[in-house]
Amino acid sequence: MAAIQLQGVEKVYRGKVHALRRVSIDVMDGEIFGLLGPNGAGKSTLVKIIMTVIHASNVSGTLLGKPIGDRKTLESIGYLPEHHRFPYYLTGKQVLDHYGALCKVGRKDRITRASSLLSRLGLSGWENKKVGTYSKGMLQRLGIAQALMNDPKLLILDEPTDGVDPVGRREIRDLLAELREEGRAVFLNSHLLSELEMVCDRVAIMVKGKVTMQGTIDSLTVDSRRYEITTLGSIPEWAIELADDVSENSFTLLGDDPSKIQPILDRLRSENIIIVSVQPVRENLEDLFMRAVDNTDAPGAIR
Amino acid sequence: MMQFKALLIDAYRQLSAAKLFWVTVGISALVVVAFGSIGFNSEGISIGFGAYQIESEQLNAGSPWARGLYIGIFSNFLVKIWLAWIATVLALISTCSIFPEFVHSGSIELTISKPIGRFKLFISKYIVSLLFVVLQVAIFCFGIFLCVGLRIGEWNPLIFSAIPIVATFFSYLFAVCVLVGILTRSGITALLITGIFWMLLWSVQTSEVVLNRFVTRFNVDIERFDEGIITTTEELTTIRAKSETDFRIPKLEKRIETYKEDSTEAQESLAKLAPWHMPVELVLAALPKNAQTIGLLNRWLSDPDGFDIGAIMNGDMRAFEGEDVKEFDPTTRGARDREANRRIQEDYESRSLWYVLGTSLLFEGFVLGLASMYFSRKDF
């Protein structure tokens, strides 16, 4: 079942600024979905529309099977906004209790969950300290704990690892993987491509308010898969003619079928050319991202 | 309900984290202690727990006016000066940033993404934000209640009526503060605009009071002079019936002439003021009537023995005597002043709760309606 199913989302601000142009996205239960794009691409706008923080100019679709904008559905969604600010006068425990109560979580559950989440996110010992004394990374962890207070079926995190140290990032990745194992859907909005690549099952790349690519990383990079063959010494003429790309002492053959390169390797060996390495190569998320951005010029919304 | 309770607890935590809240509580406590230091003994009034003694035959432990004085100090001075001015200013300073902080980027997303409608969230937040004033006034009234009970033996629950009255008075201003606060997201701007609005209200109310005073006074003058013409004419007729050469006749004729001139003058002045009075009254009818709202407390706590410290402070010592006195000559300046004051007081006291509270709350509702509409439609 689709946790998020959006069709033709549009947002036009006053002054005819098109922040989103017919965006369609599907996020399935039990998957981690990453939304990436340059600054000003409209990622946060899309997240805010899902969370009813911003009103869309046009939207159709569902959230956990209910129409977008249904308040009751929000009881089952956890949300961490970008650059969130907790009231400085509250302690970590009070923050969780407050936002838990706003999500209609019962008092007993709030107490149990707050204690368990603080421990799970490495904030034990800080629960009774004012959030004004927390570091950025700690506030980010607390934000994630806040988003999990209502035991959500869908978790929407906007830059969750912003300001978190490498150890913390790894812990958050592990946590997200655990949530996926539990069957929850996670929607991640992040600039950190390597982070997304490590945890996301599927991604969408948004540029200038449009989703330009969407799918699994494997499916998006299928056209870029190739074998890079490096030899000792010069590459024979016949290999250069077959190659899709050639450098000083290596050449590339597009495709992901290993049986297709065997005759080439056999011929190289028969000609006593020493093969240093045969490496399957594919684009990483960063390459994919850069390709998507380069194809659409500069980032930002369109007037 | 759970969400409202969460917002209420949050409001309390926000208040208790604010130093100004505790400063105001501290000053309130000092005011209550000062009030409690006033007592009555057989010789008169003691101040400062007996440090000073004012001897009085009228105001002492056995006097029926002791109650009027004690309650009068509360409703005329402590409520009107401390609660309605100083504590309100402190409350506005303390609460002006509640809504700008609430709608601050990074903070508002956390709240409006929760399963609570925006209108409900806005109204709930508004109501819990009045907690500052409600708590302050409740603590203050409880202290006053104890003082009055212990000092004069009257355990008067009407003292607690100051809580809704002052909270309502404050809410007229706070509604404007909230509207400006969410439009500009600046606590300082909200405070400044609210201050200006308060001054505007004060100006309109003062204009209405002054115009009303003059209009009432001229009406009394016309009435009294016309009555004077009738009674003097009757007197003149009686005298003339006895003797056409009575020495009092020229004097009475002169008096009638003077009455006529004064009546004409008063009618001309009234005609000049009347066109201003009605528009100012209409403007005031549409605006919150904060002075009259606070004045409700005086009505409810008025002394059954007729002791009115407010009137005494205005120089009307007859209020001290507590009974109607037959005027020797109703056309004298003093008699006309007293009658005008009596009518003005009667006029304000006869204004219905609908007029005082209803129209003020309508204005507040309109301002809050604008604010909530903006809040509900805004893309944060």
Side-chain angles (χ1 to χ4, degrees), chain A residues 11-14 19 44-45 47-57 66 69-91 94-107 109-110 130 132 139 142-143 146-147 149-150 152 156 158, chain B residues 1-22 94-95 97-125 128-129 131-132 182-183 185 187 372-380:
Chain A
K11 178 65 187 174
V12 184
Y13 285 107
R14 260 183 263 168
S44 289
T45 303
V47 168
K48 286 179 177 182
I49 285 173
I50 294 171
M51 295 310 299
T52 72
V53 175
I54 285 179
H55 304 284
S57 306
K66 295 279 168 56
D70 179 57
R71 283 274 153 200
K72 186 129 181 77
T73 312
L74 298 176
E75 284 178 32
S76 308
I77 300 173
Y79 173 48
L80 171 72
E82 189 184 10
H83 307 309
H84 59 276
R85 271 173 29 131
F86 292 126
Y88 67 94
Y89 48 83
L90 296 182
T91 64
Q94 288 169 344
V95 163
L96 297 189
D97 187 72
H98 175 65
Y99 291 106
L102 288 179
C103 279
K104 298 184 177 176
V105 179
R107 188 174 150 73
D109 285 341
R110 293 206 301 270
K130 295 268 163 65
L139 284 171
L142 185 65
Q146 170 275 142
M149 269 303 281
N150 54 339
I156 297 177
D158 203 345
Chain B
M1 195 60 204
M2 187 193 290
Q3 293 167 322
F4 182 80
K5 198 175 154 191
L7 291 169
L8 188 69
I9 292 170
D10 179 59
Y12 172 73
R13 284 175 178 152
Q14 188 173 8
L15 286 183
S16 50
K19 283 179 187 156
L20 197 56
F21 176 77
W22 296 107
S94 301
T95 55
S97 59
I98 288 181
F99 270 81
E101 275 178 23
F102 178 57
V103 296
H104 196 286
S105 177
S107 171
I108 187 67
E109 293 96 324
L110 283 165
T111 314
I112 55 173
S113 60
K114 299 293 183 264
I116 178 168
R118 286 201 189 186
F119 179 73
K120 187 179 166 189
L121 176 66
F122 175 83
I123 293 298
S124 302
K125 185 75 182 171
V128 300
S129 299
L131 190 68
F132 183 100
I182 64 165
L183 286 175
R185 300 192 186 195
S372 67
M373 200 166 71
Y374 178 82
F375 180 77
S376 299
R377 290 181 172 190
K378 170 85 179 155
D379 288 336
F380 289 101

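In what follows, chains carry the letters A, B, and so on, assigned in the order in which the sequence lines appear, proteins first and then strands, with residues in each chain numbered from 1. Values reported hereafter were calculated over all heavy atoms of this structure, with side chains retained and with hydrogens, waters and symmetry mates removed.
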Participant: Does any heavy atom of chain B fall under 4.5 Å from the side chain of A:His55, the backbone, both, or neither of them?
Facilitator: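 Contact with chain B is through both the backbone and side chain of A:His55.
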
Participant: Which bit of A:Lys11 comes within less than 4.5 Å of chain B, counting heavy atoms only: side chain, backbone, both or neither?
Facilitator: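 Contact with chain B: side chain only.
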
Participant: Quick one: what part of A:Leu90 sits under 4.5 Å from any heavy atom of chain B, side chain, backbone, both or neither?
Facilitator: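 Contact with chain B involves the side chain of A:Leu90 alone.
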
Participant: Do you know which two heavy atoms are closest between B:Phe380 and A:Ile54, and how far apart they sit?
Facilitator: O-CG1, 3.5 Å

Participant: What distance separates A:Arg71 CZ from B:Ser113 OG, expressed to the nearest 0.5 Å?
Facilitator: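 Output value for this atom pair is 8.5 Å.
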
Participant: Which distance, rounded to the nearest 0.5 Å, do you find between the OH of A:Tyr99 and the CG of B:Leu110?
Facilitator: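 A:Tyr99 atom OH to B:Leu110 atom CG measures 4.5 Å (nearest 0.5 Å).
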
Participant: Under a 4.5 Å heavy-atom cutoff, which of B:Arg377, B:His104, B:Met1 has the most pairs with chain A?
Facilitator: B:His104

Participant: Taking every heavy-atom pair that is under 4.5 Å apart, which of A:Phe86, A:Tyr88, A:Tyr79, A:Tyr13 has the most such pairs with chain B?
Facilitator: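 Result: the option with the highest number of such pairs is A:Tyr79.
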
Participant: Which residues satisfy the salt bridge (Lys or Arg N to Asp or Glu O under 4.0 Å) test with B:Arg118, sequence neighbours excluded?
Facilitator: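 Listed in chain order: nothing, the list is empty.
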
Participant: Compare all side-chain heavy atoms of A:Arg107 with those of B:Lys5 and state whether any distance is below 4.5 angstrom.
Facilitator: no

Participant: Checking A:Asp158 now: which residues fulfil side chain to side chain donor-acceptor pair (under 3.5 Å) with it, not counting sequence neighbours?
Facilitator: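 A:Asp158 satisfies side chain to side chain donor-acceptor pair (under 3.5 Å) with A:Ser44, A:Asn189 only.
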
Participant: Quick check on the structure: residues of residues 15-22 of chain B within a heavy-atom distance below 4.5 Å of chain A, by number.
Facilitator: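 So far as heavy atoms go, B:Ala17 are the residues that approach chain A to under 4.5 Å.
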
Participant: Please name all residues satisfying salt bridge (Lys or Arg N to Asp or Glu O under 4.0 Å) with A:Glu75, sequence neighbours left out, ordered by chain then number.
Facilitator: A:Lys72, A:Lys104

Participant: Output the distance between atom CG (B:Leu121) and atom CG (A:Leu102), rounded to the nearest 0.5 Å.
Facilitator: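 Answer for the CG-CG pair, B:Leu121 versus A:Leu102, is 7.5 Å.
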
Participant: Based on non-hydrogen pairs under 4.5 Å, which of A:Gln94, A:Gln146, A:His83 is most in contact with chain B?
Facilitator: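 Heavy-atom pair counts peak at A:Gln94.
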
Participant: Would you indicate whether B:Lys378, at its atom NZ, is surrounded by more than 12 heavy atoms from other residues, nucleotides or ligands within a distance under 6.0 Å?
Facilitator: yes

Participant: Can you measure from CD1 (B:Ile112) to NZ (A:Lys48) and round to the nearest 0.5 angstrom?
Facilitator: 8.5 Å

Participant: Counting only heavy atoms closer than 4.5 Å, note whether B:Ser376 contacts chain A via side chain, backbone, both or neither.
Facilitator: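 Backbone of B:Ser376 only, per the 4.5 Å heavy-atom cut-off to chain A.
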
Participant: Answer yes or no: is there a side-chain heavy-atom contact under 4.5 Å between B:Glu109 and A:Met51?
Facilitator: no

Participant: If the test is side chain to side chain contact (heavy atoms under 4.5 Å, CB included), which one of A:Thr73, A:Leu74, A:Thr52, A:Asp70 qualifies with B:Pro115?
Facilitator: A:Leu74

Participant: Nearest 0.5 Å please: distance from the CE atom of A:Met149 over to the NZ atom of B:Lys114.
Facilitator: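 Between A:Met149 CE and B:Lys114 NZ, I get 10.5 Å after rounding to 0.5 Å.
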
